[in-house]
Amino acid sequence: MEYKSIEREVLAAFSFLCQTPHPPKAETALADRLAERLRAKGLKPWQDARGNLVCDLPASTGLEQRPLTAIQAHLDMVCAVGSSSYVPERDPIHPIERDGFLCTAGESSLGADCGAGAAVMLWLADHPEIQHPPLRLLFTVEEEIGLCGARDLDPTCLQGVCYLVNTDGFHWGRMVTGAAGGVRERYTRPLTWADAPQLPNGRAYRLSWSGLRGGHSGFDIGARRANAVLLMGELLREIRMESPFALVDFAGGAAFNAIPYQSTAQILTIAPAKDAIEAIGARIIDRCRQTDPDIRLDIEEIDLPERVWNGDVSSGLLTVLGGFADGVYAMHQTDKQAVSDSSNLGHVYVADGQVCLDAMIRCMDRQAEHALITSHRAVCGMCGFARQVVSQYPAWCDQSDTDLTRWAADCYQEVTGQPSEITVQHVGLEPSRLLEKNPDMSCICVGMELYDCHSPQERWKLDTIAPFVDMLTRLLARIVNS
């Protein structure tokens, strides 16, 4: 196989995906374009009632009786915004190559999660000469907001499937054979307002944290990067001790499952406070530079507001931000380098007259999940916030001891000369939902090398593309010869 040619063809398929916006709940246009592309090749794609796209690739001649194998990716992406001019529901992704990676110029996330896997699936559809058993391509929707497409997939899509290869892995050479369960929580409190007090020496400021690394709340939570929402809460609590203020606005983060890399707040102080704010911010920055070297705090004086948040609402929010269990809760007992249980406060915003907090819990241990939920409910409940479970999914129990895992590991070693890493992972992955519909399947999650997913710094390592395709085609050959 000519590696450079494979790389170019996969990138061309990825570019096709990037042309159509595809945030969660808005994948229809992309699914329609994919279906049209597959039909042009003489294939017969179809969609279930949920919008998941399914397409069978006929087996190579003489291999029609070999085990039916599914290859799966999700169509939606976390649209992390890095530029005020970028609108996720409207604008395409503009990938560029830089220093051996595919990335964007920083205006948005790249969408290689899981567009990289979907592009490889399109490559397979473009190469019928590859020897393979009966293949079923599954493009699911709304993965990023709770594995919803996989949860609601028409069960007939998995009837007779023996092996399922999920392409949502982030690390080349890592074979994921199990995954954490997840709970998306939303806490809300009605937002009430008051007239802004008349302060002869009052000042209004817009405070902005930026430059934090952010990242995926599963893959990157163990790096213990700073959470911009929590930093804003810390900053405001410390400012309050120096200069009383009223809160005018607060927002930060982007999604349940993305570590917040930016946040903003507007405040009205009783007197000039910029020097005090700078001093407090400098202390926080010094503490965070090791994990977030580009962190910065901008302080802008703005016009005095006409109204402010009621004091009980602002105090309640700042108390929640000070007591919310966030970050790594526990590491694995046997693998001290792996996160077992965590929480991420991913998004704080105002919508429909309410202050909203979106958080995501990931756990291998059900007792830890219960402890985190109890902690969140306690601190939020005491501060007037009501809880809603937006989505929930189970853990994917470890399947490391299967033929599929062994074959995939052997194929990786054939391609690279190196042993693979076989592990369970601290993310929600769709096999946990798909196995509910066909418990007899063997599943594995594999992928190429991706960095800083769910952030504008997302990057896809180019030299892992062709070896990944090589490994996948070898795995299909193993299934044929099993």
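Keep in mind that what you see is a predicted model, and the values were worked out from it rather than measured. Residue indices begin at 1 and follow the sequence shown.
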Q.
Aromatic contact between Trp407 and Tyr163, with the criterion being ring centroids under 6.0 Å apart: yes or no?
A. yes

Flag the pair [X] / [Y] as yes when at least one side-chain heavy-atom distance between them is below 4.5 Å, and no otherwise.
X: Leu462; Y: Leu11; result: yes
X: Val54; Y: Asp48; result: no
X: Cys453; Y: Phe219; result: no
X: Val141; Y: Cys148; result: no
X: Arg225; Y: Tyr261; result: no
X: Glu9; Y: Val469; result: no
X: Met331; Y: Val339; result: yes

Using salt bridge (charged side-chain N to carboxylate O under 4.0 Å, His left out), reason through Arg366 and Glu369 one step at a time and then give a plain yes or no.
CA-CA 5 Å; Arg366 292 298 298 272; Glu369 179 180 282; 3.6 Å; yes

Just checking, is any N or O donor in the side chain of [X] or [Y] under 3.5 Å from an acceptor N or O on the other one?
X: Thr140; Y: Asn52; result: no
X: Asp113; Y: His74; result: yes
X: Gln388; Y: Thr188; result: no
X: Ser83; Y: Ser85; result: yes
X: Glu421; Y: His171; result: no

ring-ring contact (aromatic ring centres under 6.0 Å, His included) filter on Phe101, not counting sequence neighbours, yields Tyr451

For this session: Classify the ring geometry between Phe324 and His376 as parallel (under 30°), tilted (30 to 60°) or perpendicular (over 60°).
Result: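 Judged by the thresholds at 30° and 60°, the geometry between Phe324 and His376 is parallel.
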
State plainly whether the residues [X] and [Y] are in salt-bridge range, i.e. N to O under 4.0 Å.
X: Arg433; Y: Glu436; answer: yes
X: Asp452; Y: Arg459; answer: yes
X: Asp154; Y: Arg50; answer: no
X: Glu142; Y: Arg151; answer: no
X: Arg213; Y: Asp292; answer: no

Verdict with supporting geometry, Arg184 and Asp358, salt bridge (charged side-chain N to carboxylate O under 4.0 Å, His left out): CA-CA 7 Å; Arg184 282 174 167 80; Asp358 289 349; over 6 Å; no

